[in-house]
Amino acid sequence: MRWLVATLLTAVLSGCGGPFIGTSVEGRPIEALTFGAGRPLVLIVGSIHGNEPEGLPAVAALIERWTESPPPARSRVIPDLNPDATANRTRGNARGVDLNRNWPTANFRPSRTHGPAPLSEPESLALARELARHPPDLVIVCHSIRSGPFVNFDGPAGELAARFAAAAGLNDPRWRVVPDMGYGTPGSLGTYLGVERGVPILTVEFSRGHDPDAAARALIAGVGAVLDAHPATVRDPTR
Ligand SMILES: [Zn+2]
């Protein structure tokens, strides 16, 4: 019943052109906001693992900034892809599935935490539909890890990762690029988009317990530097 209500709610909201791209397992709406215009099209996800909430206040600050002064490129922001996990403080969604292992990649492995099949979860499916509807030139996803802060990347994003880390590092010299996480990530969004489709994707790893103001400054500086450096950026000389 809850599923039916959630599905109807999503249908009504998306029919209204509302900012919702889907609904979580427990019926929470998944929001997406649009800022700015022009290329590149950037997609930013504030949180995908509910036990890594450090990106949420950083993305909230970015939204506040862009509400006052739009970015120089069209930007879609999904503040929280995994709202049930945020509410429950879990890594996976309400069914225990890691949304960063649930993608249709060559190395997808079905399991209790990866899901029975690729895109088996309403949250990952909502993001897959978002990617199809608004194909991004660049994706930035926020996480946190004890060994952070750093930027990891997949696809042709090495230079963009370096730009992000350099800009974020102006206020905090710990920021660096880590090209390899050092462990396998089958079915990850980075493999799906970056490795298999050539879409540059940055995995921003805040440190666990990252000071929210510092995280916000780092994200705003890093995203700004990346937008300036992206090869698809079309500069308007009248701006
Ligand atoms: Zn994570």
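Read the numbers this way: they start at 1 and go in the same order the structure lists the ligands and their atoms. Small disclaimer: the values here were computed from a predicted structure and weren't measured.
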The Zn ion (ligand 1) has as its nearest N, O or S atom from His143 the atom ND1
Do Leu99 and Asn93 touch side chain to side chain, with heavy atoms closer than 4.5 Å?
-> yes
So do His49 and Asn100 actually touch side chain to side chain, heavy atoms under 4.5 Å?
-> yes
Looking at the Zn ion (ligand 1), is one of the N, O or S atoms of Glu52 less than 2.8 Å from it?
-> yes
Among the N, O or S atoms that His49 has, which is closest to the Zn ion (ligand 1)?
-> ND1
Do the non-hydrogen side-chain atoms of Phe150 and Met181 ever get within less than 4.5 Å of each other?
-> yes
Shortest non-hydrogen contact from Pro71 toward Phe35 | CD-CB, 3.6 Å
